[in-house]
There are 2 protein chains.
Amino acid sequence: MPRVLVVDDDSELRATIKEVMESEGLITDSAENAEKGLMLLKDNIYDIVLLDVIMPKMNGIDAIPLFLNTQAKSKIIIMTAYSTVDTAVEAMKKGAADYLTKPFKINELMITIMRILEEQKFKDCAEELDIDCALSTMANPIRRQIIHLIDQNKTLRFMEITRALGISDHTKVNFHLKVLKESDYIIQNSEKIYRITDKGDKILSCLSVIEQNLSS
Amino acid sequence: MPRVLVVDDDSELRATIKEVMESEGLITDSAENAEKGLMLLKDNIYDIVLLDVIMPKMNGIDAIPLFLNTQAKSKIIIMTAYSTVDTAVEAMKKGAADYLTKPFKINELMITIMRILEEQKFKDCAEELDIDCALSTMANPIRRQIIHLIDQNKTLRFMEITRALGISDHTKVNFHLKVLKESDYIIQNSEKIYRITDKGDKILSCLSVIEQNLSS
DNA sequence: GATTTCTGTGAACTGGAGTTCACAAGAGTG
DNA sequence: CACTCTTGTGAACTCCAGTTCACAGAAATC
């Protein structure tokens, strides 16, 4: 059940948004300024933060990094009456997920929120699949050996890898290379030399961290 | 085939050690001072570094951290004629694997080196088993869900976990909990409440790093 | 051009992780 | 004390990752 935080100094707007959000099944808290919003964020997990710009003490644009530092996975939607291209760009640069100009129809806000939640759910699924793939693929010791080998020697072709591994059945190595290729961790150039991809580099970073974590 | 680096200003000792090492099958390089030793270390991987203490410019004890920063997996054996408790303690604190007092029998040095190489091989095996266990265990999505769940809720017992996962067959959950227990990632207290162990915390760190790495 | 090496594909098999179902003892509850 | 819930164990089964073996086309080498 998604949670929403409304940060706005207009108490009437806060009440209206809260009412509509909760009628749609979104648990909604609110704060009248950024400081109070940050305090709420410290103790609760919010999927969405609706953030006004013009507020006493700290304006919403400046608050974006503070909100994201506190809770990186929150999606921030900026709401402002004084919309300019400059502030929109600045907000997006600082990490806002979207930007709405007051006054807006509450329906429009709902649609934006639902879209963002849906996108995030999709992204979470894709991410979980990546993690699943990474762990499953690298759980095999032969594939770990292969990826370390290719990382250390940037000129190896198929049979050279097979010999370096000391594996007599080349079709066994072929199978594991195929798995690594299909996961986009390694690639072959036109001379059939194997290289680590960017994704493969990330996997190697992960393996390195795992190794360090477990050896202490 | 293990590689050894001898760093000593006594050229005769360097030659003697090199000769004996290589007759035992250890590829051996040498340097007359720590600077030259560090240069060799930058371009080569050494399993063992034999390091004198009294040397011009930089003494061996001060050089230990520089050597280990350049190549963390090298094992440093300090060789000194002026042995004191203080320098021995200092060397070990700075990361030396062992400490020999000159003059020593070359046989004693060989025994020390072989022991260290054997210990490291054993440690590497244990570490690789830990990595294998971690990746295999966490490759399963149900077990990932379980460990995140226990991390977030520190009061759950068996059937509560089963219900939270939405799994109808409790023996399925029982199976996965057993696997996590056997890997020492979770533990149950006397009230049957599940907790994450220190090792489990490390696994969660690894998963977090993997997640961050793959989502960018 | 014959032979060797490289780099595949494919099918049958194997082993074991994971699932499912049966069953049950102990603890808690009414 | 009867019933419900919790927490198991165990066996049979399923599914699939991984292995092994057979085979073969293309490229390189002699």
Side-chain angles (χ1 to χ4, degrees), chain A residues 128-150 153-197 203 207, chain B residues 128-150 153-197 203 207:
Chain A
E128 186 63 17
L129 281 174
D130 277 346
I131 292 169
D132 204 57
C133 173
L135 290 167
S136 300
T137 304
M138 302 324 297
N140 183 282
I142 295 178
R143 290 198 286 272
R144 288 203 299 278
Q145 275 186 276
I146 290 173
I147 202 166
H148 282 303
L149 198 61
I150 295 173
N153 301 271
K154 317 238 188 275
T155 59
L156 295 176
R157 294 166 67 183
F158 173 64
M159 283 304 293
E160 287 161 333
I161 290 170
T162 301
R163 281 190 287 271
L165 294 170
I167 292 176
S168 57
D169 190 334
H170 72 275
T171 63
K172 182 170 176 172
V173 179
N174 196 298
F175 171 84
H176 290 298
L177 282 168
K178 192 175 181 185
V179 171
L180 289 169
K181 275 197 218 169
E182 276 162 3
S183 303
D184 282 317
Y185 299 155
I186 62 174
I187 204 171
Q188 251 180 321
N189 69 11
S190 53
E191 283 151 9
K192 300 204 174 211
I193 292 171
Y194 282 95
R195 289 298 170 88
I196 304 291
T197 61
I203 291 300
L207 288 175
Chain B
E128 186 64 18
L129 280 174
D130 278 347
I131 292 169
D132 203 56
C133 173
L135 290 167
S136 300
T137 304
M138 303 322 297
N140 183 280
I142 296 177
R143 290 198 285 272
R144 289 204 298 278
Q145 274 187 278
I146 291 174
I147 203 167
H148 281 303
L149 198 62
I150 294 175
N153 302 269
K154 314 232 191 278
T155 57
L156 294 177
R157 294 166 67 183
F158 174 62
M159 282 305 290
E160 288 161 333
I161 290 170
T162 301
R163 280 190 288 270
L165 294 172
I167 293 176
S168 55
D169 191 335
H170 71 276
T171 64
K172 182 170 176 172
V173 179
N174 197 300
F175 172 84
H176 290 297
L177 283 169
K178 191 177 182 184
V179 171
L180 289 168
K181 273 197 219 165
E182 277 163 3
S183 303
D184 281 318
Y185 299 155
I186 62 173
I187 203 170
Q188 251 181 321
N189 69 11
S190 52
E191 283 151 10
K192 299 202 176 216
I193 291 172
Y194 283 96
R195 289 298 171 90
I196 306 291
T197 61
I203 291 299
L207 288 175

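It should be emphasised that the depicted structure is a prediction, and the values quoted were computed from it without experimental measurement.
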Check the distance between [N]'s [atom2] and [X]'s [atom1] and give it to me in whole angstrom.
X        : N      : atom1 : atom2 : value
B:Asn189 : D:dT7  : CG    : P     : 12 Å
A:Leu177 : C:dT7  : CG    : C1'   : 11 Å
A:Phe175 : D:dG18 : CZ    : P     : 5 Å
B:Glu160 : D:dG8  : CD    : C1'   : 17 Å
A:Phe158 : C:dT5  : CZ    : C1'   : 12 Å
B:Ile167 : C:dT19 : CD1   : P     : 8 Å
A:Ile193 : C:dC6  : CD1   : P     : 14 Å
B:Glu191 : C:dG28 : CD    : C1'   : 15 Å

Respond yes when some side-chain nitrogen or oxygen of [X] is under 4.0 Å from OP1 or OP2 of [N], and no when none is.
X        : N      : result
A:Arg163 : C:dT7  : no
B:Asn140 : C:dA17 : no
B:Arg157 : D:dC5  : no
A:Lys172 : D:dT20 : yes
A:Gln188 : C:dC6  : no
A:His176 : D:dA17 : no

Worksheet item: Is there a donor N/O on one and an acceptor N/O on the other, under 3.5 Å, for the side chain of A:His170 and the base of C:dG8?
Response: yes
Worksheet item: Considering heavy-atom distances to DNA chain D, does B:Asn174 or A:Asp169 have its closest nucleotide positioned more toward the 5' end?
Response: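 In this pair, the answer is B:Asn174.
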What I'd like to find out is whether the side chain of [X] reaches to under 4.5 Å of the side chain of [Y], using heavy atoms alone.
X        : Y        : result
A:Leu177 : A:Gln188 : no
A:Glu128 : B:Arg144 : yes
B:Tyr185 : B:Arg143 : no

Item to complete: Go through C:dT19, D:dT7, C:dT9 for me and flag the one nearest to the A:Lys178 side chain.
Response: C:dT9
Worksheet item: Between D:dT7, C:dG8, D:dG10, which nucleotide has the shortest distance from any of its atoms to the side chain of B:Thr171?
Response: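 The nucleotide sitting nearest to the side chain is D:dG10.
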Worksheet item: Are more than 12 heavy atoms from other residues, nucleotides or ligands located less than 6.0 Å from atom CD1 of B:Ile187?
Response: no
Worksheet item: Taking everything shown except A:Lys178 itself, do over 12 heavy atoms lie less than 6.0 Å from its NZ?
Response: no
